[in-house]
Amino acid sequence: MSKRSFEDLCYHLSSGSSVDLSALLPEGIQQEVGHFNVFNLTDIVQEAREKRTMSCASRAYYKISFLTGNSLAEYPDGTVEITRPTLIFTTPKSPYYWSPIGRQTGQFCVFTAEFFHPAMSGVTLDELPIFKSPEHPVYALSDSDISRVQGIFDNMEAEISSNYAYKYDLLRAYTLELIHIGQKLQSTVMLHPNHSASARTTSLFLELLERQFPLESPQQKVALRTAKQYADHLAVHINHLNKILKDTTGLTTTELIAGRILQEARALLRLTDWSIAEIADSLGFSDFSHFAKFFKNETSLSPGAFRSQTKSLNYT
């Protein structure tokens, strides 16, 4: 197979009879806002007839491709070799050629910017990191991602043929899921262009800390309790994490953890009927006395005194 642009593929698919992509669109889609369609590459390779290549007049389409055969993605400044299942994101502005090598399998979807009108989707395509990337948006997939992406495309193929009245809303959701998978595979610098590495680490730490709460039952336990556990989870050295947090927040890792533990302890003492021993256990203290000592050091009150004071205030 020779290299071909997406426009050339359009020409083959439409048997050379159309100057735009409307011939590829399902019947009735004109009533929708924008255009969307999904294709199976195996079917295209089997059905496309070899013709003189000819560009379509319009390149108004965004495209997400899931390629599982060997091929080359060729850009003006270089070529990316594809040797395992890969996601590729292209836009109407992307100068991109695809050179298949041997048997090809996979799926792809195409859509216009109008299909993702902010009023309908809540996003602006050209503002998404995946479509602003200075990198070539070609991402090899892990085994778990392969299964997930394959499932999304299979769902798209099934849904576009359905009679469900809101199927295009669902197709937008599937497409957004593919976009988010791609954005997770982008470099961290691209996803957070306006933030320093220290600010990103601080943000990830605070998000991880907040995810430990709220505690909804005495059987629920705080999963991460120590500074080292957080550092290990974030794949950084504990000294490095401490320095970053001290520089960005003025507090150490341990102080930030203790502050959030105290906040939760107050809420549980005030709002639940759990025993103090149950609260201590859920918050990760080895026993009641350690929790009582911690709470009194932080508030000058014992847990029991704090609970009694809170209840008396509620009755006044």
Side-chain angles (χ1 to χ4, degrees), residues 122 142-145 147-148 151 173 176-177 180-181 183-184 188 191-192 195-316:
S142 66
D143 290 343
S144 59
D145 282 338
S147 247
R148 184 177 174 190
L176 274 174
E177 188 173 0
H180 285 297
I181 289 172
Q183 288 183 166
K184 284 184 177 181
T188 305
L191 291 177
H192 303 274
H195 297 85
S196 68
S198 294
R200 290 195 298 274
T201 300
T202 300
S203 177
L204 290 171
F205 166 79
L206 293 175
E207 178 189 351
L208 186 58
L209 176 61
E210 194 58 35
R211 286 211 313 266
Q212 309 307 306
F213 307 99
L215 299 175
E216 298 293 340
S217 78
Q219 289 71 45
Q220 188 180 351
K221 305 290 191 291
V222 172
L224 303 178
R225 187 64 177 78
T226 68
K228 186 177 186 309
Q229 286 175 319
Y230 280 90
D232 290 345
H233 202 85
L234 295 170
V236 297
H237 192 279
I238 187 172
N239 293 340
H240 180 64
L241 181 60
N242 275 326
K243 183 179 186 308
I244 286 175
L245 294 177
K246 186 70 173 177
D247 290 344
T248 55
T249 71
L251 299 171
T252 66
T253 312
T254 300
E255 288 170 336
L256 288 164
I257 296 169
R260 186 61 183 88
I261 291 285
L262 179 63
Q263 179 185 338
E264 191 70 9
R266 283 172 164 160
L268 294 174
L269 288 166
R270 188 174 65 251
L271 301 173
T272 75
D273 59 359
W274 304 2
S275 71
I276 294 175
E278 287 176 327
I279 293 173
D281 184 55
S282 286
L283 291 173
F285 291 90
S286 58
D287 54 46
F288 170 84
S289 62
H290 281 91
F291 172 59
K293 182 179 179 181
F294 163 80
F295 195 88
K296 191 164 186 177
N297 285 341
E298 297 292 334
T299 67
S300 300
L301 293 171
S302 69
F306 176 84
R307 173 171 270 177
S308 297
Q309 183 185 81
T310 302
K311 286 183 177 178
S312 67
L313 289 173
N314 288 340
Y315 285 113
T316 59

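Side-chain contact between V236 and Y230: absent, with no pair of heavy atoms (C-beta onward) separated by less than 4.5 Å.
Shown here are the salt bridge (charged side-chain N to carboxylate O under 4.0 Å, His left out) partners of D281, two or more places apart in sequence or in another chain: K221. A search for salt bridge (charged side-chain N to carboxylate O under 4.0 Å, His left out) contacts involving D143 returns R84, not counting sequence neighbours. Considering only residues two or more places apart in sequence or on other chains, F285 meets the ring pair (Phe, Tyr, Trp, His ring centres under 6.0 Å) condition with F291, F294. Partners of E278 under the salt bridge (charged side-chain N to carboxylate O under 4.0 Å, His left out) rule, at least two apart in sequence or in another chain, do not exist in this structure. Annotation: salt bridge (charged side-chain N to carboxylate O under 4.0 Å, His left out) contacts of R225 (sequence neighbours excluded): none.
L245 approaches L256 most closely through the heavy-atom pair CD1-CD1, 4.0 Å. S282 and S217 get closest at one heavy-atom pair: OG-O, 3.9 Å.
At least one donor-acceptor pair closer than 3.5 Å links the side chain of Q220 to the backbone N or O of E216. Without hydrogens or angle criteria, E264 side chain to L283 main chain gives no donor-acceptor distance under 3.5 Å. Distance alone, capped at 3.5 Å, is enough to place a donor-acceptor pair between the T202 side chain and the S198 backbone.
Applying the side-chain hydrogen bond (donor to acceptor under 3.5 Å, both in side chains) definition to pairs two or more places apart or across chains, those involving residues 233-245 are N242-T253, K243-D247.
One distance of note links CG of L209 with CG of L224; it measures 9.0 Å at 0.5 Å rounding. Going from atom OG1 of T299 over to atom CZ of F306 covers 7.5 Å, rounded to the nearest 0.5 Å. Considering CG of L206 and OG1 of T249, their distance stands at 7.5 Å, rounded to 0.5 Å.
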Checklist entry - Going through the distances and angles, do F213 and I261 end up as a side-chain contact (heavy atoms from CB on, under 4.5 Å)? => result CA-CA 9 Å; F213 307 99; I261 291 285; 3.9 Å; yes
**Request:** Under the side-chain hydrogen bond (donor to acceptor under 3.5 Å, both in side chains) rule, what do T252 and T254 come out as? Steps first, then yes or no, please.
**Result:** CA-CA 5 Å; T252 66; T254 300; 4.8 Å; no
